Amino acid sequence: MNKKFLVGGSMIGMRVTQTLIPTLREVPAEADTVSHQLLLRAGMLRKVASGIYTLLPLGYRVVMKIEQIIREEMNRAGGVELLMPIIQPAEIWHETGRWDVYGPEMFRLRDRHGRDFCLGPTHEELITDIIRNEVKSYRQLPLLLYQIQNKYRDEKRPRFGLMRAREFIMKDLYSFDKDEAGLEVSYQKMYEAYCRVFKRCGLDFRVVEADPGAIGGGETHEFMVLADTGESKVVFCTSCDYAANVEKAPCDPQIIPSEENPRPLEMVATPDMRTVKEVADYLGVPSHQLIKTMFYKVDGEYVAVLVRGDRVVNETKVKNFLGATSVEIASEDEVMEAFGVPLGYAGPVGLQEKDKIKVIGDHEVRYLVNAVTGANKEGYHYRNVNTGRDYQVDAWADLRVAGAGDLCPRCKAPFQAKRGIEVGQIFKLGVKYSKALGATVLNENGKEVPIVMGCYGIGVTRTMAAAVEQNHDEDGIIWPPSIAPYEVVVIPVSHRDMLQVRMAEEVYQSLAAAGIDVIYDDRPERPGVKFKDADLIGYPVRIVIGSRAVEDGLVEIKWRASKEILYKSKEELVPYLRSSLERSKNNCI
RNA sequence: CAGGGUGUAGCUCAGCUUGGUUAGAGCGCUAGCUUGGGGUGCUAGAGGUCGCGGGUUCAAAUCCCGCCACUCUGACCA
C-alpha cells in the first residue's frame, strides 16, 4: 500500500489547528439520513446546491483512501488508469442514440458556437470511441481501462446527501475482449477485484444477481452494502450462497391449498373499498384470496397484470416477459379514460373481451379458488372468481417481486430479505456499444469482429456514505480503519499543562515519523470538546495524554469501535499501533 | 413531474394569525476572567438586504401577487 500517494502526506501527520474541520453540534435541517447528518456534522461535507457538495479536507481524505484501494485492486487485476473529459460532445451520443434516450437526467450545455455538449453521466461512448480509433487487431486485446472522476446526473430528486447526488465520483472500468470467452475472464477478474475492494473498505456487503436493465447486455451483478436504510431490497438464500436483487430473483408459485369447490360468481357491493386491505377486511377474506389487477402502458399499449393481493408486481419481469422497451404504470386518469373504472375496482372478468387488451397473470393467481376481484364497476367486487370459467389470460408467468420466504432457485431453501445500498455493479455489455460505434478488430482468421465489452462501476462517494450508514453509533461515525480520514488522533487533556502538551507533541511526532496516519488535536479546547469531536469524526484510535500519562509514562489508547481502552508505554506504542492497525485493515481480506 | 412545507444571525429556531419603538433566543464566534478526563461557568461584545421583485398601507419580517431556492411525500400495488 502506497500511503505516500495521499495528497497531504500522511507521513507528516496533521494538526487540527492547521486544517479545517468545522464540526457541528446541531443536526443541520437539510439532512435526514444518518450518513448525511454525520458527514455534515463531522465537518467532512458541505452542500453547494441540491445534490452538489464540497468535500472538506477530512471528507476528501476518505474519498482518496477509497480511490486508492480501488486503484490498487484495479491495477492488480490488470487494469490501466486513464482520464477522460467531463464535458462530452453530443455527436458521439447521437451515434449510440443515447442523446435522446437519456432524457432530462442528462446535464446539457452549449458552447459559444452553439454546439451541444453534456456533462458525462457515464463514459461508454467516449471510451469506445478511443478504442475504435486506436485498436485494430485482436493482438491488442484484452484491455482493461478505467477512470475515476466526477459524473453527472440531473436526478429528478436528489436526496440522502451523497447517496443520490447529481455530481458524484465514480470509478468505471471498461473491458475489451476479442470474444465471449475473453469477456468471461475479464468479468471474473472484476468480480474478484470488487470483492477485494469492498472487503478492504471494511464493509459488510453481498454480491447479488441483478437485472441488466436499460444498459443492455447479459449477466450482471450488484454489490450491495447491507444497511437498513438502503434503497434496494435483496434476497439471499439461507443455505447456499445465492443472492439476488428482489427484481431479479425468480419466484416459484407458492400455492395455498384450498379444499373448496368453485361456487357461482357473485357481485357484492364494496363501497369505498379500494385497496387490497380494505376489501379483504370488509369481506372477511385473507388478502391472498384477492386478485390484484394493475394496468401498465407497455410500449404505448395497455396491459393488465394480475397478481395475488398479497404480492407486488415486478415491472422488470413484466418488461422482460413481454420483450418490451418501456413499461410504465398507468396513471389514475389513464385507467379511468381507457377502461372507465376507477382505481380499486378493476378486475380480469370480462376485461379481455370487452377492452381487447392483453392480460397476463402471475402463476399464483391461476391456482386461486373462489377469489375476490374488482367487478369493473365502481363500488363493486366479484366473489368466487375462478380461472378459466370467469376469465382468461393471454399468458401465465412469473411476474411478482420476490421476498423473504420465497424459495431459492438453486437449493429450494427459503430466502431471507435485507436492504442494501448499491455501491458497485458489473455488466457484461457484449457488443452493444462496439457494434453501434463500429469498434472492431481483425481476429486470428483475419475476419472483422466487434469487440466484446464489459463495464464495471463503483460509486466512490456513495461508498463513503454507505460506510457511514453501516458504521455509526449515537456518538458519531465509526470509520473502518482502512478508509478513516486519519487512523489515530492524539489528544492532550489539558492544553495548559506543559508536561502533557510536550508528551502529546512527542507522541504525535513519533507516530507521524513511523508513518502512522495521525492527527494531533492541538486546539486550546477543553477535553470534553475534543472527545466529542473525536467520537463524532470517528477516528479508529484515540490516544489521550493526561496527568496519569505524565506521571507513569503510560498513554491511554481507546478504540472507537469496541470502546476498548488499554495503556502502553511510549516505546510500545508505535509497534502496537502498527501491527494492530495493519491487522484490522487486513483481516477482512 | 404532482402535491405539501420552509426561507429571519455561521447553525437550530421564535416572532407573522391580529401590520406599529431599536427584530429576538439558544448554540457558535470575539475579548476577559474562570475551569481543566466527556460540548465548564460568568461578564462584555461583534454579527441581520427578515430569499428576491412588485403591490396594499401613514407604516410590512408580518397582508396580497409573482419569481427563486431549499426540503418532504408520492410517482409501486388498484
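Everything quoted here is computed from the prediction, not taken from an experiment. Just so we're on the same page: letters track the sequence lines, and every chain starts at 1.
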Checklist outcome for this item: With the side chain defined as heavy atoms from C-beta on, Pro527(A) is closest, among rG37(B), rC72(B), rU40(B), to rG37(B)
Item to check | Counterpart residues, salt bridge (charged side-chain N to carboxylate O under 4.0 Å, His left out), relative to Glu469(A) (two or more places apart) | outcome: none
Checklist entry - Pro342(A) or Pro158(A): which one's nearest nucleotide on RNA chain B is closer to the 5' end? => result Pro158(A)
Item to check | Of the listed nucleotides rG36(B), rC77(B), rC72(B), the one nearest the side chain of Arg526(A) | outcome: rG36(B)
Checklist entry - At under 4.0 Å between heavy atoms, what does Lys277(A) touch on the DNA or RNA strands: base, sugar-phosphate, or nothing? => result nothing
Next on the checklist: Regarding Ala549(A), tell me which of base, sugar-phosphate or nothing describes its non-hydrogen contacts under 4.0 Å with the strands shown.
Outcome noted: nothing
Checklist entry - Is any N or O donor-acceptor pair between the side chain of Glu26(A) and the base of rG26(B) shorter than 3.5 Å? => result yes
Checklist outcome for this item: Heavy-atom closest pair (Asp406(A) atom, Val401(A) atom, distance to 0.1 Å) is OD2-O, 4.3 Å
Checklist entry - Can Arg548(A) and Tyr567(A) be counted as having a side-chain donor-acceptor contact under 3.5 angstrom? => result yes
Item to check | Trp93(A)/Tyr102(A) aromatic ring centres below 6.0 Å | outcome: yes
Next on the checklist: Once you apply a heavy-atom cut-off of 4.0 Å, does Val544(A) come out as touching a base, just sugar-phosphate, or nothing?
Outcome noted: base
Item to check | Flag for Asn245(A)-Glu222(A): side-chain donor and acceptor within less than 3.5 Å | outcome: yes
Checklist entry - Across the strands shown, which category fits Val335(A) at heavy-atom distances under 4.0 angstrom: base, sugar-phosphate, nothing? => result base
Item to check | Nucleotide nearest Phe531(A) (side chain, heavy atoms from C-beta), chosen from rG38(B), rG36(B), rC70(B) | outcome: rG38(B)
Ignoring hydrogens and angles, write down the donor-acceptor pairs under 3.5 Å from the side chains of residues 553-561 of chain A, residues two or more places apart or on other chains.
{"unit_1": "Glu556(A)", "atom_1": "OE2", "unit_2": "Arg542(A)", "atom_2": "NH2", "d": "3.3"}
{"unit_1": "Trp559(A)", "atom_1": "NE1", "unit_2": "Tyr576(A)", "atom_2": "OH", "d": "3.0"}
{"unit_1": "Arg560(A)", "atom_1": "NE", "unit_2": "Ile477(A)", "atom_2": "O", "d": "3.3"}
{"unit_1": "Arg560(A)", "atom_1": "NE", "unit_2": "Asp535(A)", "atom_2": "O", "d": "3.0"}
{"unit_1": "Arg560(A)", "atom_1": "NH1", "unit_2": "Asp473(A)", "atom_2": "OD2", "d": "2.9"}
{"unit_1": "Arg560(A)", "atom_1": "NH2", "unit_2": "Asp473(A)", "atom_2": "OD1", "d": "2.8"}
{"unit_1": "Arg560(A)", "atom_1": "NH2", "unit_2": "Gly476(A)", "atom_2": "O", "d": "3.4"}
{"unit_1": "Arg560(A)", "atom_1": "NH2", "unit_2": "Ile477(A)", "atom_2": "O", "d": "3.4"}
{"unit_1": "Arg560(A)", "atom_1": "NH2", "unit_2": "Asp535(A)", "atom_2": "O", "d": "3.1"}

Checklist entry - Got a salt bridge between Arg110(A) and Asp116(A), using NZ or NE/NH1/NH2 to carboxylate O under 4.0 Å? => result yes
Next on the checklist: Base, sugar-phosphate or nothing for Asp497(A)? Non-hydrogen atoms, less than 4.0 Å.
Outcome noted: nothing
Item to check | Residue Arg157(A), side-chain heavy atoms: nucleotide from rA75(B), rG38(B), rC70(B) that is nearest | outcome: rA75(B)
Checklist entry - Which nucleotide in the set rG37(B), rG39(B), rU40(B) lies at the smallest distance from any side-chain heavy atom of Arg548(A)? => result rG37(B)
Checklist outcome for this item: Closest of rU12(B), rG39(B), rG38(B) to the Lys558(A) side chain is rG38(B)
Atom pairs, N/O to N/O, protein against nucleotides 30-32 of chain B, distance under 3.5 Å?
none

Next on the checklist: Whether the side chain of Arg542(A) and the base of rG38(B) hold a donor-acceptor pair under 3.5 Å is what I'd like checked.
Outcome noted: yes
Next on the checklist: With no hydrogens and no angle check, just 3.5 Å: does a side-chain donor-acceptor pair link Glu378(A) and Tyr345(A)?
Outcome noted: no
Item to check | Side chain of Ile329(A) - closest among rG39(B), rA75(B), rG37(B) | outcome: rA75(B)
Checklist entry - Taking OP1 and OP2 of rU71(B), is either one under 4.0 Å from a side-chain nitrogen or oxygen of Ser50(A)? => result yes
Next on the checklist: Please classify the nucleic acid contact of Lys156(A) as base, sugar-phosphate, or nothing, using heavy-atom distances under 4.0 Å.
Outcome noted: base
Checklist entry - What does Arg274(A) touch in the nucleic acid at a heavy-atom separation under 4.0 angstrom: a base, only the sugar-phosphate, or nothing? => result sugar-phosphate
Item to check | No-H, no-angle donor-acceptor pair, Arg496(A) side chain to rU35(B) base, under 3.5 Å | outcome: yes
Checklist entry - Who is the Watson-Crick or G-U wobble partner of rC1(B), with both distances under 3.5 Å? => result rG74(B)
Checklist entry - Closer to the 5' end of RNA chain B via nearest nucleotide, is it Gly546(A) or Val27(A)? => result Val27(A)
Next on the checklist: Check this for me: does the side-chain of Arg25(A) come within 3.5 Å of the base of rU12(B) through a donor and an acceptor?
Outcome noted: no
Next on the checklist: Only pairs with both distances under 3.5 Å count, Watson-Crick or wobble alike; so what is the partner of rG7(B) in this structure?
Outcome noted: rC68(B)
Checklist entry - Do Asp517(A) and Arg61(A) meet the salt-bridge criterion of a basic N to acidic O distance under 4.0 Å? => result yes
Checklist entry - With respect to the side chain of Arg159(A), which nucleotide from rU71(B), rA75(B), rG37(B) is positioned closest? => result rA75(B)
Checklist entry - Separation of Leu306(A) atom CG from rC76(B) atom C1', in whole Å? => result 16 Å
Checklist entry - Base, sugar-phosphate alone, or nothing: which one does Arg311(A) contact when heavy atoms must sit under 4.0 Å apart? => result nothing
